2 protein chains.
Amino acid sequence: MDTKRQRMNSPDRELAIAVRASKAPAISRAAAVLRLLGKSDTPLGVQTIARELGLVPSTCLHVLRALVAEEFVSFDPDTKRYSLEAGVLTLARHWLRRNRFNDLAQPALDRISRTFDLTVLGVHIVGLDHIIVVATSQSSQNFQLSTQIGSRFPALISATGRCIAAFGDQDENDLEGRFKKLRWDEPPTFEEWKAQVRQTREQGFAVDAGNYIAGVTVVAAPVFRARGKLSHALVALGIGSALKRAGLPTLQNALLASAQSLSNQLSGEIDSE
Amino acid sequence: MDTKRQRMNSPDRELAIAVRASKAPAISRAAAVLRLLGKSDTPLGVQTIARELGLVPSTCLHVLRALVAEEFVSFDPDTKRYSLEAGVLTLARHWLRRNRFNDLAQPALDRISRTFDLTVLGVHIVGLDHIIVVATSQSSQNFQLSTQIGSRFPALISATGRCIAAFGDQDENDLEGRFKKLRWDEPPTFEEWKAQVRQTREQGFAVDAGNYIAGVTVVAAPVFRARGKLSHALVALGIGSALKRAGLPTLQNALLASAQSLSNQLSGEIDSE
DNA sequence: GAACGTTATTCGATATATAGAACATCCTCG
DNA sequence: CGAGGATGTTCTATATATCGAATAACGTTC
C-alpha cells in the first residue's frame, strides 16, 4: 500500500478520490482516459495511460476496450496505441443543437466584437468547478487572445469568476478553498478579490484588470437561465491599453445590455421587471 | 425473467449484448445514456432513461451521478431531469485539434462545393459500423441536403458504403449480414450492390444514384491514411437532375483527384517521429 | 543472437458494483 | 383532502469487475 503511491501526479490524485466516491468507478476512469487522450498530442499505449492515471494495466485495458467498442476511442492494431475517436463529435453536435444560448448569443458576440474590435466569448458555467467556452467571436486584430469552443477554465478565475462568486449561490468557506487553488499572473489577495466581487454585485458586471493574464483586461457580464439562476456569461478580452482607448465604459454597457437581453430570452418570456 | 423483456426496444437490445460482452459494462451503460440524452429533445428523468435502456433504476442513477460528476451530464435539482452537459464539447475540441484530415480537407471541400454548387462532406470511417461527418461545405442552393458535423451514419450505406466495401478489408459473410440491416429508399439487391462495389473498385470512386435517398445522387471517393488503409472519404450530394446538368464526370474527377491528393498528404508524412 | 527490459494480454481470487426490493417523496385525480 | 400511482432514492446480498501476478510478445542492447 505504500509502494503504490510512489509518484502520484495531479490528475490521478483527483481520479483516485473520484473513483473511491463513485458507485460507478469505471465511468470516472473512462472519463479520465478520455481527457488524457484529449490532452496528449500522440496516441498512447496501455501502460502509459495506466501509469499516468494510476490505474492497474489490466483494468485500464478493459476500460480502453469498452471505449473503443463505443467508438469514443480509436485503436491502431499495428502500433497498439489509443487515441480519441470521432464519436465524441456526435455527442458535441447533439449538445450544440439543443442549446438555445449558442444561437441566441452569437449575433450579440459578433456585434460587440466588431464594434470594439475585441475577442468576445460566450461561456457556460458548469457546476461550480469549471466554465466552458461555447461560442466565440474573434477580433481580427487580437490573434494572440484566441480561444476555442470547448476550452475549459476554472470557474472562479478572471472576470467570470467574480461574476460567479457575486451571483451564484455558494458559501464563503467553499469559495475561499477554491480561490486558493487558482493560478493568476498577478494574484489578488482574497480580501481584494472579495471587494471586487462585492463591486461586481453592485454594478452587475465584473472586470479583471490584468490579474488573470498580465496586460489583458477581461470584462464579464452574467446571463441567467431563470430568476437568479446563473448559467452563462458574456466575456470580452482585450489588451488593457487598447481597451481603454476603445472606451471601457461603453463596452461594459454594451456587454451588460446584451447579457440582460439574453437572460430575458432564455428565461422564456419577453417578461417585464 | 419473463416479465423483464416485456418491451425490448432496439437501443437496449444492443446495449444488453454490449454490457454482457464487455468487462467494463458501466462504460457501455454510460455511453448509452449519453447517446440517449443526445437524441432526446428534452431533459429526462431517471426512470425514463432506465426504462428506455432496459436498466435497473438504481444502477441508472449511479451511472448518471458519475456522469454528472465528470461534467458530461447536467442535472437540474428542481426538475430532477438530466441532459447533456458542455463537457462533451471539450473532448470534441481536442479531437478536432488533433486531426489533420479536417484542416487538409476543408479547402478541397469548399472548392468542389463552390464549383459544382453541391453539398460536400468529409467523413471519417470509424470501425466498420459507422461513418461520422467531420467536415462539411454546404452549397448555397441545396439547403435540404444539409448535414452537420458529428452526424453518424451506418458504414455501408450509400456511396460511402460501396467505397468501404470496395477498399476496406472485411469478409463477405460479415458484409452481407450488415448489408441486410440497412435502410434505403430504393434498396438494391445484394447482387446489384456487389456489382456496384466491384465497379467502385475498378474506377476508384462510388456512385449512389438515388438508392439511399430517392432523387439524390451521392458520389464518394476514398481517402487512405496509409498504404491501403482506408480512413476517410470525400462525399458530394446533389439532386440527381441538377447533378447531371452540372456534369457528373467532371465532378467525379474533381472528387477523385482531391481524395488522392489527401491520401498522399496523409500518408506522405515526410517526417517519421 | 541471447538476455534483458519493455510492452500487451490472460487468468483466477476477492473486494465491490449491481440488481431488486423497500422506502420516501412528489403529483394527480376523485 | 386523501388515495393512488407515479417518481427519485437508499439499502443489502450476490453476481462480477477489478486487482495483481503470471504469461506472452515484443523491441533493444550488448
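Note on naming: letters A, B, ... go to the chains in the order of the sequence lines (proteins, then strands), and numbering restarts at 1 for each one. For clarity, every value in this text was computed on a predicted model and none was experimentally measured.
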A.B. asks: Expected output is a numbered-order residue list: members of residues 68-80 of chain B with a heavy atom under 4.0 Å from any atom of DNA chain C. What is it?
C.D. replies: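 Of all residues in residues 68-80 of chain B, none places a heavy atom under 4.0 Å from DNA chain C.
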
A.B. asks: Return the set of residues passing salt bridge (Lys or Arg N to Asp or Glu O under 4.0 Å) with B:R93 (not counting sequence neighbours), or none when no residue passes.
C.D. replies: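 Not a single residue meets the salt bridge (Lys or Arg N to Asp or Glu O under 4.0 Å) criterion with B:R93.
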
A.B. asks: With a 4.0 Å heavy-atom cut-off, tell me which residues in residues 56-63 of chain A come close to DNA chain D, sorted by residue number.
C.D. replies: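 Result for residues 56-63 of chain A: A:V56, A:S58, A:T59, A:H62, sorted by number.
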
A.B. asks: Would you be so kind as to tabulate the donor-acceptor pairs closer than 3.5 Å made by side chains of residues 54-61 of chain B, with sequence neighbours excluded?
C.D. replies:
none

A.B. asks: Given C:dT6, is OP1 or OP2 found less than 4.0 Å from the side-chain N or O atoms of A:R51?
C.D. replies: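 Looking at the OP1 and OP2 atoms of C:dT6, neither is under 4.0 Å from any side-chain N or O of A:R51.
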
A.B. asks: Please list, chain by chain and in numerical order, all residues satisfying ring pair (Phe, Tyr, Trp, His ring centres under 6.0 Å) with A:F205, sequence neighbours excluded.
C.D. replies: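 Per chain and number, A:F205 pairs via ring pair (Phe, Tyr, Trp, His ring centres under 6.0 Å) with no residue.
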
A.B. asks: For DNA chain C, which residues of residues 40-49 of chain A approach it to below 4.0 angstrom with any heavy atom?
C.D. replies: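 Nucleic-acid contacts, sorted: A:G45, A:V46, A:Q47.
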
A.B. asks: Can you name the residues that form a salt bridge (Lys or Arg N to Asp or Glu O under 4.0 Å) with A:K229, not counting sequence neighbours?
C.D. replies: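 Applying salt bridge (Lys or Arg N to Asp or Glu O under 4.0 Å) to A:K229 gives B:D78.
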
A.B. asks: Run the salt bridge (Lys or Arg N to Asp or Glu O under 4.0 Å) test against A:D76 and tell me which residues pass, sequence neighbours left out.
C.D. replies: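 Once residues adjacent in sequence are excluded, A:D76 has no partner under the salt bridge (Lys or Arg N to Asp or Glu O under 4.0 Å) criterion.
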
A.B. asks: Would you mind reading off the bend of the helix from C:dG1-D:dC30 to C:dG30-D:dC1 from its two end axes, five pairs each, to 10 degrees?
C.D. replies: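 Comparing the axis at each end, I get an angle of 30°.
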
A.B. asks: State which residues pass salt bridge (Lys or Arg N to Asp or Glu O under 4.0 Å) with B:R81; sequence neighbours excluded, sorted by chain then number.
C.D. replies: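 In terms of salt bridge (Lys or Arg N to Asp or Glu O under 4.0 Å), with neighbours along the sequence ignored, B:R81 is linked to no residue.
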
A.B. asks: Restricting to pairs with a member in residues 151-162 of chain A, which pass salt bridge (charged side-chain N to carboxylate O under 4.0 Å, His left out), not counting sequence neighbours?
C.D. replies: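 Qualifying pairs: A:R152-B:E71, A:R162-A:D208.
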
A.B. asks: Does any pair with a residue in residues 29-77 of chain B pass ring pair (Phe, Tyr, Trp, His ring centres under 6.0 Å), and if so which ones, sequence neighbours excluded?
C.D. replies: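 Passing the test, one end in residues 29-77 of chain B: B:F75-B:Y82.
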
A.B. asks: Whether A:R35 and B:E70 form a salt bridge (side-chain N of Lys/Arg under 4.0 Å from carboxylate O of Asp/Glu) is what I want to check.
C.D. replies: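 Between A:R35 and B:E70 there is a salt bridge, with a charged N closer than 4.0 Å to a carboxylate O.
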
